[in-house]
Amino acid sequence: MSETIKTDVVIVGAGPAGLFAVFELGLLDIKSHLVDILPKAGGQCSELYPEKPIYDIPGYPIVTGQGLVDNLLQQIEPFHPTFHYGEMVEAIEPLGTAEAPLFRVSATGGKIFECKSIIVAAGGGSFQPKKPPIEGIEAYEGSSVFYAVRRMEDFRGRHVVIVGGGDSALDWTLNLQPIVERLTLIHRRDDFRGAPHSVKAMRELVANGLIDLHIGQVASLTGEGGQLRGLTLKGADGALRDIACERLIPFFGLTMKLGPVAEWGLNLHENLVPVDTEKFETNVPGVFAIGDINTYPGKLKLILCGFHEGALAAQKIHRYVYPDKKLTFQYTTSSTNLQKKLGVH
Amino acid sequence: MPKITFVDSLGEARTVDAEVGSTVMEAAIRNAIPEIAAECGGGCACATCHIYVDDPWGTLTGKASEQEEDMLDFAYAVQPNSRLSCQITVTEELDGLHVTTPDRQG
């Protein structure tokens with residue numbers, strides 16, 4: 001187990017709301033760490049619609065999802081937040097009191113944080129791989145069916161079947177082909193949306209007889225004791241074909257699942273976390289929820305609302321982090337103190 | 001106002017009013033049609049508003065765009081008549097549109 005990371009606030013989720021919370025906390029001298037299951041910042045903005053224009057961010061008549069994230073990262077840079085990507089907060093354990101909250105936060109990968117407040121900015125939950133609804137697939141997960149390649153050795157010398165038509169499917173087809181017994185790529189159509197050079201390299205492997213490409217969808221699996229032996233493919237023409245398969249890697253993109261947030265002792269209402277509209281605090285003192293994951297009368301799932309919620313939560317968090325300090329409200333336009341923190345004075 | 005009939009995977013039909021200019025997905029969400037998730041809110045970015053356009057309506061709804069085909073790669077049990085309902089705009093011509101929803105959106 002690694003050493004405990006001590007900080008003021010752990011922010012769960014590095015989407016726009018979580019990122020801007022760093023800014024509002026930073027102005028109040030509150031340090032934060034961000035934890036996100038994705039390998040990068042931005043949450044839904046980066047994952048679902050990086051190239052799509054957003055028209056309702058105040059001050060930006062038009063900005064793309066990724067453009068907004070890039071700007072937020074630049075905006076919070078003066079506060080040097082620490083990012084923990086590819087990790088998910090699994091458990092929070094209260095150590096303090098309602099007046100002086102303190103939490104131990106554990107993340108996947110073994111990281112432990114100790115903090116005075118937590119901001120849950122987890123959007124629609126954590127992004128997790130979509131599982132194809134093939135009957136009985138659960139029995140093979142982790143032993144024969146994998147939704148990501150963590151260790152290439154798990155696939156060496158095996159009959160491997162990859163399903164999908166994007167970059168993940170193509171990249172792993174190209175990377176695993178040299179070490180497996182036989183690689184079969186299955187996609188629902190003979191059109192691949194991955195990078196053109198990867199598509200070309202894959203087509204060459206097919207032409208040289210080094211991999212098999214089948215157009216269709218997986219209909220059923222065969223095997224026993226968690227060990228897959230084969231699968232049945234249903235072709236575009238409806239014809240069924242049996243394919244040897246010891247390792248199956250389906251790439252169907254990501255979906256949002258509420259995940260461990262449900263286990264943290266927070267009140268939930270239809271998979272959302274109720275908060276008050278003064279401090280955006282949950283039923284657990286010291287745990288705040290902002291952005292798409294919270295709910296209150298009149299709630300709108302707008303990015304701009306997440307920004308507002310973070311600003312107000314920061315005011316209350318200041319009282320937990322600096323119980324003896326009086327907080328004087330200041331503007332970035334006129335306060336030399338704030339401007340110093342931003343590195344502009 | 002055009003009417004759209006959604007038939008769920010168990011065969012139950014629900015007919016709703018759909019505003020011209022809105023999308024078939026929006027008509028489904030406004031009327032709490034089951035089996036339509038629309039996680040991304042209509043951005044053609046998630047494939048959770050997957051429907052099957054029943055005969056003979058496919059000629060009027062047209063074909064999926066390239067981007068929509070790419071997103072359909074993330075859907076299950078995709079058929080030649082599969083579409084993402086957020087990408088079908090309601091017109092007067094579509095009055096009576098008949099679609100079926102899959103049992104799972106992922």
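In what follows, chains carry the letters A, B, and so on, assigned in the order in which the sequence lines appear, proteins first and then strands, with residues in each chain numbered from 1.
Between chain A and the residues B:Cys44, B:Gly43, B:Ala75, the largest count of heavy-atom pairs under 4.5 Å involves B:Gly43. When the candidates A:Pro133, A:Gly166, A:Pro132, A:Gly164 are compared by the number of heavy-atom contacts under 4.5 Å with chain B, A:Pro133 comes out ahead. Top candidate by heavy-atom pairs under 4.5 Å with chain B, chosen from A:Glu47, A:His187, A:Arg189, is A:Arg189.
Other residues, nucleotides and ligands contribute over 12 non-hydrogen atoms within 6.0 Å of the NZ atom of A:Lys52. Atom OH of A:Tyr85 has more than 12 heavy atoms from other residues, nucleotides or ligands within 6.0 Å. Sparse packing is recorded around NZ of A:Lys234, with 12 or fewer heavy atoms of other residues, nucleotides or ligands lying under 6.0 Å away. Heavy-atom contacts from other residues, nucleotides or ligands closer than 6.0 Å to CD of A:Gln128 number more than 12.
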Before you tell me yes or no, could you show the steps for A:Arg188 and B:Glu69 under side chain to side chain contact (heavy atoms under 4.5 Å, CB included), namely the whole-Å CA-CA distance, both residues' side-chain angles and the distance that decides it to 0.1 Å? CA-CA 10 Å; A:Arg188 71 170 184 95; B:Glu69 280 290 348; 2.6 Å; yes

Checking side chain to side chain contact (heavy atoms under 4.5 Å, CB included) for the pair B:Asp73/A:Arg193: CA distance, chi angles, key distance, verdict? CA-CA 9 Å; B:Asp73 285 351; A:Arg193 60 180 192 285; 2.5 Å; yes

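Annotation: side chain of A:Gln217 is not in contact with side chain of B:Gln79 (no heavy-atom distance under 4.5 Å).
Here the SG-CD distance, from B:Cys40 to A:Gln44, works out to 9.0 Å after rounding to the nearest 0.5 Å.
Using modelled atom types, no side-chain atom of B:Glu39 and backbone atom of A:Thr255 make a donor-acceptor pair closer than 3.5 Å. Within the 3.5 Å criterion, the main-chain N or O of A:Lys131 finds a donor-acceptor partner in the side chain of B:Tyr76.
Residue B:Ala37 does not touch chain A at all, counting heavy-atom pairs closer than 4.5 Å.
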